[in-house]
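Numbering of ligands and ligand atoms starts at 1, following listing order. Counting begins at 1 with the first residue of the sequence. Keep in mind that the numbers below use all heavy atoms, side chains included, and drop hydrogens, waters and symmetry copies.
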Amino acid sequence: MQKIQAIRGMNDLLPENTGHWQYFEKIILNLAKRYGYQEIRFPLLEKTELFTRSVGEVTDIVEKEMYTFTDRSGDSLTLRPEGTASCVRAAIEHGLLHNQSPKLWYRGPIFRYERPQKGRYRQFYQVGFEAFGEKTPEIDVEVILISHRLWQELGIANHVALEINSLGSNEERACYRKELITYFEKHQAVLDADSQRRLYTNPLRILDSKNPALQQLIEQAPKLLDYLQADSLNHFTKVCQLLELAGIKYKVNPRLVRGLDYYCQTVFEWVTTALGAQGTICAGGRYDGLVELLGGKATPAIGFAMGVERIIELLFEFKKLPPSESLADIYFVAIGEQAKAKSLVLAEQLRTTALHLKIIVNHNDSGFKSQLKRADQSGAKLAVIIGEDELNQGKATIKYLRVEKPQQQIEFNQLIQLINNDQ
Ligand code: HAM
């Protein structure tokens, strides 16, 4: 039979690596609590309209990257290509925004039909934080501080850099958009096919182009920051001042426009040069209009999401992952039917009293040598050996696998005590 393989760009996370993810998730769990964020979980599938309306019709995500299908009742459904829209939908649906300013976080798989390469997958994992109901520059900076603290706790703060920008209000952006179209129209001959296509639908995205031939043109394009009015400018200036006060280094990147339509005012990205082309590990910004756009009462909001694979890759790159845990502390080696039964029962008694111990019992009929080899591979400190001799004497043999210590015999009824004392 031919083997069936996983879908391109969708990865299995193997046992040798799940420990790394658990380490990361534990830090996130703790971080979220310390900043007052509560976890929310929502479905992987949503009505397609949720994303077309929020992310925007003329974005790469909606135009090219969504996994969309019609279900058996004829509804168009989409595997979530990001988390913010679902988070807002759920918050509105369950009244979480009524006279409250919830702070929510989520984790889980996200689906985008992109061209897979290192750091870019079709199923990847995001952890996202979203703060609702506050519009001050302080919350913008607190959100950035959460991500900054995460890099510190993971030990990668020196390898990532913060870029920020302001997208202003809808009106300011509309004004800028017109100017940008006029500018690029003058240089239409230089634009590549992608930029030509975006010129009238989403000209801000041209600024994001990586095409070397366009860099000079983009460099000289009008800057959005020059089109901001007093309110937006004050907000952005305050964000910059607060970042400085908090000791966070940043760079204003006027080309940072983000690929989703719901953003306004402050936007930011954490980037690294250590991962090749896919260097953005975390990104977000303000989306004050989204709650209303999705049918709720106008509510300011800001948040960010990070790509878990990229962060784990960075931790690998800089050797910041803790050593993997051993699979077992105690390994029962049992030879013969009766010995296997005895091991099964003894191990179970041990698990009742010693809650912290990891215990593996050999249940198959392999020989002594191969069982002992497996005991060693498990990382266990002790092998408890039970064979015919041991059964006859009512004692187990204890073999120390990690230290030079003579093996010893111990009566079955004292085994639990010995192990508890020993560990
Ligand atoms: P985003 O920039 O589209 O923003 O994605 C956030 C992060 O997800 C990226 O910075 C990157 O680390 C990771 N990521 C994106 N695409 C891929 C991929 N194909 N493979 C691996 N990792 C990827 C959002 O999704 C917004 N919802 C963020 C947000 C939350 N804004 C406000 N609140």
Side-chain angles (χ1 to χ4, degrees), residues 7-11 13 24 37 40 42 46 50-51 54-56 59-62 64-67 79-91 102-132 139-140 143-144 146-147 150-151 156 160-165 167 205 208 256-272 274-291 293-294 299-315:
I7 297 165
R8 200 160 102 84
M10 304 207 176
N11 301 311
L13 182 62
F24 173 74
Y37 282 69
I40 180 165
F42 27 78
E46 297 274 2
L50 175 66
F51 304 113
S54 56
V55 175
T59 54
D60 282 353
I61 292 181
V62 170
K64 309 190 250 185
E65 296 171 2
M66 295 204 302
Y67 281 90
L79 277 167
R80 61 183 187 198
E82 63 112 36
T84 309
S86 305
C87 189
V88 171
R89 197 263 314 133
K103 292 186 164 127
L104 305 172
W105 76 276
Y106 52 85
R107 53 178 154 180
I110 302 289
F111 302 85
R112 292 183 192 174
Y113 190 80
E114 292 192 84
R115 197 167 46 78
Q117 62 177 88
K118 182 176 184 281
R120 188 165 67 195
Y121 309 106
R122 289 183 172 171
Q123 174 175 324
F124 60 97
Y125 285 74
Q126 277 189 351
V127 167
F129 284 68
E130 314 285 0
F132 293 95
I139 185 75
D140 298 19
V143 155
I144 294 174
I146 298 175
S147 46
L150 178 63
W151 317 139
I156 52 173
V160 295
L162 174 65
E163 298 190 352
I164 60 170
N165 192 19
L167 298 183
R205 292 291 291 166
D208 233 12
L256 182 62
V257 289
R258 308 282 298 124
L260 305 95
D261 277 359
Y262 50 62
Y263 289 113
C264 62
Q265 308 294 350
T266 316
V267 288
F268 64 95
E269 289 191 356
W270 286 97
V271 294
T272 176
L275 291 179
Q278 304 306 318
T280 308
I281 57 165
C282 173
R286 208 163 246 298
Y287 50 95
D288 293 343
L290 185 57
V291 176
L293 188 68
L294 292 178
T299 308
I302 180 163
F304 64 87
M306 55 193 113
V308 180
E309 286 82 356
R310 293 185 190 177
I311 295 172
I312 303 275
E313 277 163 35
L314 207 54
L315 296 178

Atoms of ligand 1, numbered as shown, that sit under 4.0 Å from any heavy atom of [X]:
{"X": "Gly284", "answer": "31 (N)"}
{"X": "Ala283", "answer": "2 (O), 10 (O), 28 (C), 29 (C)"}
{"X": "Ala305", "answer": "6 (C), 7 (C), 28 (C), 29 (C), 30 (C)"}
{"X": "Ile281", "answer": "10 (O), 12 (O)"}

Considering only protein heavy atoms, which is closest to [atom], and at what distance to one decimal place?
{"atom": "atom 31 (N) of ligand 1", "answer": "Tyr263 OH, 2.6 Å"}
{"atom": "atom 3 (O) of ligand 1", "answer": "Arg112 NH2, 2.8 Å"}
{"atom": "atom 21 (C) of ligand 1", "answer": "Gly119 O, 3.3 Å"}
{"atom": "atom 33 (N) of ligand 1", "answer": "Glu130 OE1, 2.7 Å"}
{"atom": "atom 8 (O) of ligand 1", "answer": "Gln126 NE2, 3.2 Å"}
{"atom": "atom 20 (N) of ligand 1", "answer": "Tyr121 N, 3.0 Å"}
{"atom": "atom 32 (C) of ligand 1", "answer": "Gly303 O, 3.1 Å"}
{"atom": "atom 27 (N) of ligand 1", "answer": "Glu82 OE1, 2.6 Å"}

Q.
For the residue pair Arg107 / Gln126, report whether a side-chain donor-acceptor contact shorter than 3.5 Å exists.
A. no

If I take atom [atom1] from residue [X] and atom [atom2] from residue [Y], how far apart are they, to the nearest 0.5 angstrom?
{"X": "Leu104", "Y": "Thr84", "atom1": "CG", "atom2": "OG1", "value": "11.0 Å"}
{"X": "Ile281", "Y": "Glu313", "atom1": "CD1", "atom2": "CD", "value": "11.5 Å"}
{"X": "Cys282", "Y": "Ile311", "atom1": "SG", "atom2": "CD1", "value": "6.5 Å"}
{"X": "Ser86", "Y": "Leu294", "atom1": "OG", "atom2": "CG", "value": "10.0 Å"}
{"X": "Glu82", "Y": "Ser54", "atom1": "CD", "atom2": "OG", "value": "5.5 Å"}
{"X": "Asn165", "Y": "Thr266", "atom1": "CG", "atom2": "OG1", "value": "9.5 Å"}

Q | Under-4.0 Å salt bridge between Arg122 and Glu114 | A | no

Test of proximity, [X] against ligand 1: N or O pairs below 3.5 Å:
{"X": "Tyr287", "result": "no"}
{"X": "Gly307", "result": "yes"}
{"X": "Glu309", "result": "no"}
{"X": "Glu114", "result": "yes"}
{"X": "Met306", "result": "no"}
{"X": "Thr84", "result": "yes"}

Any [X] heavy atom less than 4.0 Å to ligand 1:
{"X": "Tyr125", "result": "no"}
{"X": "Trp270", "result": "no"}
{"X": "Gly128", "result": "no"}

Q. Do the rings of Tyr287 and Tyr263 sit parallel, tilted or perpendicular, given the 30° and 60° boundaries?
A. perpendicular

Q. Taking the six-membered ring for Trp, are Trp151 and Trp270 parallel (under 30°), tilted (30 to 60°) or perpendicular (over 60°)?
A. perpendicular

Under 4.0 Å, heavy-atom basis, I'd like to know which part of [X] is in contact with ligand 1: side chain, backbone, both or neither.
{"X": "Phe268", "result": "neither"}
{"X": "Gln278", "result": "neither"}
{"X": "Phe124", "result": "side chain"}
{"X": "Arg310", "result": "side chain"}
{"X": "Thr280", "result": "both"}
{"X": "Arg258", "result": "side chain"}

Q.
Does Glu130 form a side-chain hydrogen bond (donor to acceptor under 3.5 Å, both in side chains) with Tyr106? I'd like the steps, not just the answer.
A. CA-CA 9 Å; Glu130 314 285 0; Tyr106 52 85; 2.7 Å; yes

So, [X] side chain and [Y] main chain: donor-acceptor pair closer than 3.5 Å or not?
{"X": "Arg8", "Y": "Arg115", "result": "no"}
{"X": "Arg112", "Y": "Met66", "result": "no"}
{"X": "Arg80", "Y": "Pro109", "result": "yes"}

Q: Check the pair Val88, Tyr262 against side-chain contact (heavy atoms from CB on, under 4.5 Å), reporting the backbone distance first and the verdict last.
A: CA-CA 12 Å; Val88 171; Tyr262 50 62; over 6 Å; no

Q. Is any side-chain heavy atom of Ile139 closer than 4.5 Å to a side-chain heavy atom of Lys103?
A. yes

